[in-house]
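Count residues from 1 along the sequence.
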Amino acid sequence: MPLAARLPPPAPKLDRNHLVSAGECADAFDPQRTMLGLDQEAWLARCLAEPARARWLLLGQQLMFSPFERKRGSGTGFDTDGWGGYAAAHQRIIDLIAARPNRDTVVLGGDIHGFVASNVPARRQELRSNPVSAHIVCGAISSRLGDHRNYVASLPENPHIQFVDAERHGYTRCTFTRDSASFEFRAVDDVRDPASGIATLAAYETRWGIAGLQRV
């Protein structure tokens, strides 16, 4: 007997990303802290230092990789359960990407339950520094959505972030060719409807050898 269709439960009121300022969490900048663990970070460093095996290097990881200063009262803060809580380790990986001889790296991520198109600045605490990579957060297919209002309100503090949307479910279609990589944010009208309509919310492109995204 088929189960009756039910609406998903309302999103719980979770403070999963407690925001702090730099002055409140000096531990986040401790160079001994590591997101990946020493062995895995050393493995990634070796991989990023190797001569290119293909035209593009795609770095897939589960988090928002670009820094994201979020609105918090009259100022801004960052979450400590993502890369913000491991600032020195984060910068070490950014430096490895920057050291590659060609601008051939794209970083994919998730976690914040929305779509994001961003550049990765060379210095994580200088958000207007030159980009070293494009970064795409691929969207939430069916999980609860993120804090869209806060994300959008935070954009003026984040000049490296070009687009954010956490109001719609969907996925990202990535297309790589020899000279470009393109990313289409595909949003569905109703995630509960198998026959739902779908459309491209926004599309971005990066060119091989030139770090950074352009809207198309």
Side-chain angles (χ1 to χ4, degrees), residues 44 47-48 52-70 79 82-84 90 93-94 96-98 100-122 124 127-148 150-152 154-191 196-216:
L44 180 58
C47 291
L48 290 173
R53 300 182 185 181
R55 185 72 167 172
W56 291 94
L57 188 148
L58 182 59
L59 179 57
Q61 47 84 65
Q62 71 271 34
L63 300 170
M64 172 90 179
F65 188 76
S66 290
F68 195 5
E69 291 291 325
R70 302 261 303 277
D79 65 84
W83 285 107
H90 189 203
I93 295 172
I94 293 172
L96 290 166
I97 294 172
R100 292 182 62 78
N102 300 309
R103 290 288 175 259
D104 61 354
T105 305
V106 172
V107 183
L108 298 183
D111 187 58
I112 70 167
H113 297 225
F115 298 104
V116 177
S118 176
N119 296 327
V120 178
R124 67 178 311 282
L127 300 180
R128 295 186 184 276
S129 57
N130 291 333
V132 301
S133 172
H135 176 44
I136 296 292
V137 177
C138 297
I141 293 177
S142 60
S143 60
R144 67 181 180 85
L145 294 169
D147 190 349
H148 178 79
N150 179 266
Y151 296 167
V152 171
S154 303
L155 286 179
E157 310 298 329
N158 294 273
H160 59 299
I161 298 177
Q162 300 188 23
F163 179 87
V164 63
D165 187 288
E167 288 188 310
R168 300 169 179 85
H169 289 95
Y171 63 92
T172 300
R173 181 162 58 195
C174 307
T175 304
F176 288 83
T177 68
R178 175 179 172 80
D179 296 321
S180 67
S182 60
F183 311 94
E184 299 168 82
F185 295 142
R186 301 284 286 165
V188 297
D189 296 331
D190 186 348
V191 72
S196 173
I198 188 168
T200 297
L201 187 61
Y204 285 82
E205 178 184 77
T206 186
R207 306 290 295 179
W208 188 89
I210 305 173
L213 290 165
Q214 298 290 332
R215 190 160 185 168
V216 293

Note to self: Please determine whether the number of non-hydrogen atoms from other residues, nucleotides or ligands lying under 6.0 Å from atom CD of Glu205 exceeds 12.
What the structure shows: yes
Notebook entry, point to check: Counting only heavy atoms not in Arg53, do more than 12 fall under 6.0 Å of its CZ?
Noted result: no
Would you check if [X] and [Y] make a side-chain contact, meaning some heavy-atom pair closer than 4.5 Å?
X      : Y      : answer
Leu127 : His160 : yes
Arg207 : Asp179 : yes
Asp165 : His148 : yes
Ile112 : Val137 : yes
Phe176 : Phe183 : yes

Next item on the list: Carefully, step by step, assess Arg186 and Thr200 under the rule side-chain hydrogen bond (donor to acceptor under 3.5 Å, both in side chains).
Entry: CA-CA 5 Å; Arg186 301 284 286 165; Thr200 297; 2.9 Å; yes
Next item on the list: Please assess Val107 against His135 for the test side chain to side chain contact (heavy atoms under 4.5 Å, CB included), listing each intermediate value before the final yes or no.
Entry: CA-CA 5 Å; Val107 183; His135 176 44; 3.8 Å; yes
So, for [X] and [Y], which heavy atoms are closest and what is the spacing to 0.1 Å?
X      : Y      : result
Ser133 : Thr105 : OG-O, 2.9 Å
Ser142 : Val191 : CA-CG2, 4.0 Å
Arg103 : Ala211 : CD-CB, 3.5 Å
Gly82  : Leu63  : CA-CD1, 4.1 Å
Arg70  : Ser154 : CA-OG, 3.4 Å
Leu201 : Ala187 : CB-CB, 4.3 Å

So does [Y] get a backbone contact from the side chain of [X], meaning a donor-acceptor N/O pair under 3.5 Å?
X      : Y      : result
Gln61  : Leu108 : yes
Trp56  : Ala181 : no
Arg55  : Arg178 : yes
His169 : Asp190 : no

Notebook entry, point to check: What pairs with Ala134 under side-chain contact (heavy atoms from CB on, under 4.5 Å), at least two apart in sequence or on another chain?
Noted result: Thr206, Leu213
Could you grab the distance from atom [atom1] of [X] to atom [atom2] of [Y], nearest 0.5 Å is fine?
X      : Y      : atom1 : atom2 : result
Leu59  : Ile93  : CG    : CD1   : 7.5 Å
Ser66  : Gln162 : OG    : CD    : 10.0 Å
Phe163 : Ser118 : CZ    : OG    : 12.5 Å
Leu145 : Glu167 : CG    : CD    : 8.5 Å
Ile136 : Met64  : CD1   : CE    : 10.0 Å
Ser196 : Asp189 : OG    : CG    : 4.5 Å

Next item on the list: Evaluate side chain to side chain contact (heavy atoms under 4.5 Å, CB included) for Leu57 paired with Ile97, printing each intermediate quantity in order.
Entry: CA-CA 10 Å; Leu57 188 148; Ile97 294 172; over 6 Å; no
Next item on the list: Using the six-membered ring wherever Trp is involved, compare the ring planes of Tyr204 and Phe185 and label them parallel, tilted or perpendicular (cut-offs 30° and 60°).
Entry: tilted
Note to self: For a side chain to side chain contact (heavy atoms under 4.5 Å, CB included) check, start with the C-alpha distance between Leu155 and Tyr151, then their side-chain angles and the critical distance, and finish with the verdict.
What the structure shows: CA-CA 7 Å; Leu155 286 179; Tyr151 296 167; over 6 Å; no
Item checked: By ring pair (Phe, Tyr, Trp, His ring centres under 6.0 Å) - contacts of Phe65 (at least two apart) -> Trp83, His90
